Amino acid sequence: MEHHSLTLLVDIALSIIFATLFAIIAKAFKQPLVLGYVIAGLIIGPLFGPFVGGKLTIGYVKSEESIELISEIGLILLLFIIGLEIDLKELARMGKSMFALGVIQFFLGVAAAWFAFRTFFPPAPGNFDLLYFSIALSLSSTMIVVKLLHDKFEISTVAGRLTIGVLVLQDIWAILFMGIQPDLQDPQILNVLASLAKGIALVAFSFLVSRFILSRLFLFAASKPELVLITSIAWCFFLCGVAEKLQLSKEMGALIAGVSIAAFPYGADVISKLSGIRDFFITLFFVALGMKIQAPSASDLGLAFLAVGFVLVSRVLIIAPTVFFSGKGLRAGIVAGLNLAQISEFSLVILALGVQKEHIGKDLQAIVLTSMIIASIISTYVILFNDKIARGIISFLSLFGVRENKEPLESQVTGETKRDIVVLGYFRIAQGLIDGIEDDKPSWLKRMLVVDFNPIYRQTLESKGIRWAYGDLANPESLHHLGIEEARYIVCTVSDMILKGTTNRRLLESLKSICRHHQPKIILTTDDPKEAEVLRNNGAAHVIVPGKISGLSLFTELAGMVDQNGSGPITKSAKGKPKKTTSNKNKVKKTK
């Protein structure tokens, strides 16, 4: 018998090899990479596996359970990163309308699905098919949305924040349903309250540990980014274990772990460090989805396409008006609705539990899985062109008198002053710059974001109204997650001699890529005048050469002294004032 670990290794190797192959093909045809991953799983899975293995003698994945285990780890890491992305203060600033949007979207979505599909699943005592199907169609895919919005640099936009907010609330509704799921045939209010109490206790525990233990631990580890990373992951899996012991979802533990760290300035750097690990497991997740595809009947396939169409239309019809009437803009509402047009991974978990408890049959699970895969593929294109689709819908609605006169500014929606002046690195030059701004332009301080790895300056800067963020300049991902893509001015005050792992030239290219939709004025620092010319030619608005500036400043001071005191040599008097001296031969020695 083949050893399990060897089988797992072979299965992962086949999945990565085929995922890479079909991702390259998808890239060549300008298609989303997710499509390549799903096709790879389809090719090496049970549906086409025997043909591939029999005819081409390359084998196929036999242990889907192994890949599902790996993809579950990926889902846990993704939910952890989502938690890191959640700024509770920012969601609170968006007001009660954010919570109302999450409530309306889910419950109205369940009700709409219930009435739309009741002819396909006639409700009957003890038959929960319609309930499960309605809930499945009301939950969106966190994994797909976050990945695609991250790739498009849209997480920090108004529509992106609305999307993430709805996803968070959807996860809460899913977790609450999973809490009452065991007692669905005979609901007991005490069991529901017990699950809710456990969740609240887990949240309280995590925030207390973060406040009094993790904060000090992160402060100690701040100078070692890899220690920050491994500490964060350990915290994630620790809370997952605690959640499982409390008979709660492991995914819920991961989400809470991320939110509890997000209050600290190291969250953005942890996200950037986790991105590579996350993408590896996401790849396996989509390959595993492809392997689950079975040959559906014509009726099941038709129902799956009908479900996908319902999800797409209902998301926009429910979310767009709610966002519009809350004052956050029609376009933002339509884009958020388009972003959420998938079926959640949580739906598969809920349905799997439903099959175990004999609430539903495997046929319903297969229909939802097929719908999820179809929606995942279609959604990649919908999110890719969400702005164009939204503009088209707005143009169509304008024919009926529905229009948006002026899209609200992001600062109007979030209630926070836009940080459009970004300073990368906080050392002598940056300190002098902020001193000058504090003296002459104090109103600029609330527009400033300082990115640095040393938390010792955080309290000082924030007391002045400046936002401080922990970031690694060598890692463009960490800069992206800080939201600098909307900055108007970016100043790097650190020269290549001090930078580690990157250069100003590489940093310039990264900044241009991150801010490609709105190119800011970029100011860089170098010790080499020739390199300064190269940077200017490559797009830098201005380049600082500290040695040259210091020399010119020194010349100005010296010239002023010489002009003031004549052309003689300059010395210093006892009182520190410059004075003119005479030559030695004209000196007269005073004697007593």
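Just so it is clear, the model here is predicted, and its values are computed rather than measured. Here, residue 1 is the first one in the sequence, and each next residue gets the next number.
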Show me the donor-acceptor pairs within less than 3.5 Å that the side chains of residues 363-370 make with the rest of the protein, sequence neighbours left out.
residue : atom : partner : partner atom : Å
Thr370  : OG1  : Ala366  : O            : 2.9

- [ ] For the residue pair Gln342 and Ser376, confirm or rule out a side-chain donor-acceptor distance under 3.5 Å.
- [x] no
Task: Nearest heavy atoms of Arg419 and Leu449, plus distance in Å - done: CB-CB, 4.2 Å
Open item on the list: Quick check for you: to the nearest 0.5 Å, what is the distance between Ser379 atom OG and Leu340 atom CG?
Closed with: 8.5 Å
- [ ] Keeping the roles fixed (side chain from Asn386, backbone from Ile334), state whether a donor-acceptor pair exists under 3.5 Å.
- [x] no
TODO: Evaluate whether atom OH of Tyr381 has more than 12 neighbouring non-hydrogen atoms of other residues, nucleotides or ligands under 6.0 angstrom away.
DONE: yes
- [ ] Kindly assign one of parallel, tilted or perpendicular to the pair Tyr132 and His359, based on the angle between their ring planes and the thresholds 30° and 60°.
- [x] tilted
Task: Pairing of Glu509 and Arg506 as salt bridge, 4.0 angstrom limit - done: no
Open item on the list: Would the distance check show the side chain of Ser314 and the main-chain N or O of Val311 forming a donor-acceptor pair, the cut-off being under 3.5 Å?
Closed with: yes
Open item on the list: Are the side chains of Phe18 and Val287 in contact, using a 4.5 Å heavy-atom criterion?
Closed with: no
TODO: Apply the test side chain to side chain contact (heavy atoms under 4.5 Å, CB included) to residues Val308 and Leu312: give CA-CA distance (whole Å), side-chain angles for both, the deciding distance (0.1 Å), then the verdict.
DONE: CA-CA 6 Å; Val308 173; Leu312 180 60; 5.6 Å; no
Open item on the list: With rounding to the nearest 0.5 angstrom, report the CD to NZ distance, Glu244 to Lys250.
Closed with: 4.5 Å
Open item on the list: Pair Arg315, Ser140 - check side chain to side chain donor-acceptor pair (under 3.5 Å), show working.
Closed with: CA-CA 10 Å; Arg315 291 289 195 275; Ser140 303; 3.1 Å; yes
Task: Leu424 vs Leu507 side-chain heavy atoms within contact, under 4.5 Å - done: yes
Task: Reported CD1-to-CG distance for the pair Ile522 and Asn504, which is rounded to 0.5 angstrom - done: 10.5 Å
Task: Point-to-point distance, once rounded to the nearest 0.5 Å, from CG of Leu202 to CZ of Phe207 - done: 10.5 Å
- [ ] For Gly160 and Leu149, work out which heavy atoms get closest and say how close.
- [x] CA-CD1, 4.4 Å
Open item on the list: With a 4.5 Å cut-off on side-chain heavy atoms, are Val382 and Asn339 touching?
Closed with: no
Task: Close side-chain approach of Ser141 to Ile343, heavy-atom, < 4.5 Å - done: no
Task: Nearest-0.5 Å distance, CD1 of residue Ile256 to CZ of residue Phe205 - done: 11.0 Å
TODO: For Ser344 and Leu139, indicate whether the former's side chain and the latter's backbone hold a donor-acceptor pair under 3.5 Å.
DONE: no
Task: side chain to side chain contact (heavy atoms under 4.5 Å, CB included) between Phe385 and Leu338, worked out - done: CA-CA 10 Å; Phe385 301 105; Leu338 294 171; over 6 Å; no
Task: Heavy-atom pair of closest approach, residues Val110 and Ser138 - done: N-OG, 3.0 Å
- [ ] Assess whether atom CZ of Phe237 is packed by more than 12 heavy atoms of other residues, nucleotides or ligands within 6.0 Å.
- [x] yes
Open item on the list: I'd like to check Leu524 versus Leu508 (side-chain heavy atoms, cut-off strictly below 4.5 Å). Are they in contact?
Closed with: yes
TODO: Check whether any side-chain N or O of Gln519 sits under 3.5 Å from a backbone N or O of Lys512 as a donor-acceptor pair, and report yes or no.
DONE: yes
Open item on the list: If you define the side chain from C-beta out and look only at heavy atoms, does anything of Phe212 sit under 4.5 Å from Leu208?
Closed with: yes
Task: side chain to side chain contact (heavy atoms under 4.5 Å, CB included) evaluation trace for Thr503 with Leu499 - done: CA-CA 6 Å; Thr503 63; Leu499 280 173; 5.5 Å; no
TODO: Determine, step by step, whether Ile135 and Ser347 satisfy the side chain to side chain contact (heavy atoms under 4.5 Å, CB included) criterion, reporting the C-alpha distance in whole Å, the side-chain angles of both residues, the deciding distance to 0.1 Å, and the verdict.
DONE: CA-CA 8 Å; Ile135 290 175; Ser347 298; over 6 Å; no
Task: Side chain to side chain, Ile43 and Phe22, heavy atoms closer than 4.5 Å - done: yes
Open item on the list: Using side-chain heavy atoms (C-beta onward) and a distance below 4.5 Å, is Ile16 in contact with Thr20?
Closed with: yes
- [ ] Check whether any side-chain N or O of Ser206 sits under 3.5 Å from a backbone N or O of Ala257 as a donor-acceptor pair, and report yes or no.
- [x] no
TODO: Would you name the heavy atoms of Cys515 and Pro520 that are closest together and state the gap between them?
DONE: CB-CD, 3.5 Å
- [ ] Work out which heavy atom in Gly109 is nearest to a heavy atom in Phe310; give both atom names and the distance.
- [x] O-CZ, 4.2 Å
Open item on the list: Looking only at side-chain N and O atoms, does Ser260 offer a donor or acceptor that is under 3.5 Å from a partner on Trp235?
Closed with: yes
Open item on the list: Whether the side chain of Asp452 engages the backbone of Tyr426 through a donor-acceptor N/O pair (distance < 3.5 Å, no angle test) should be reported.
Closed with: yes
- [ ] Over all heavy atoms of both residues, which pair between Ala159 and Ala336 is shortest? Give the atoms and the distance, please.
- [x] O-CB, 4.1 Å
Open item on the list: Nearest 0.5 angstrom please: Leu21 CG to Ile17 CD1, how far?
Closed with: 9.5 Å
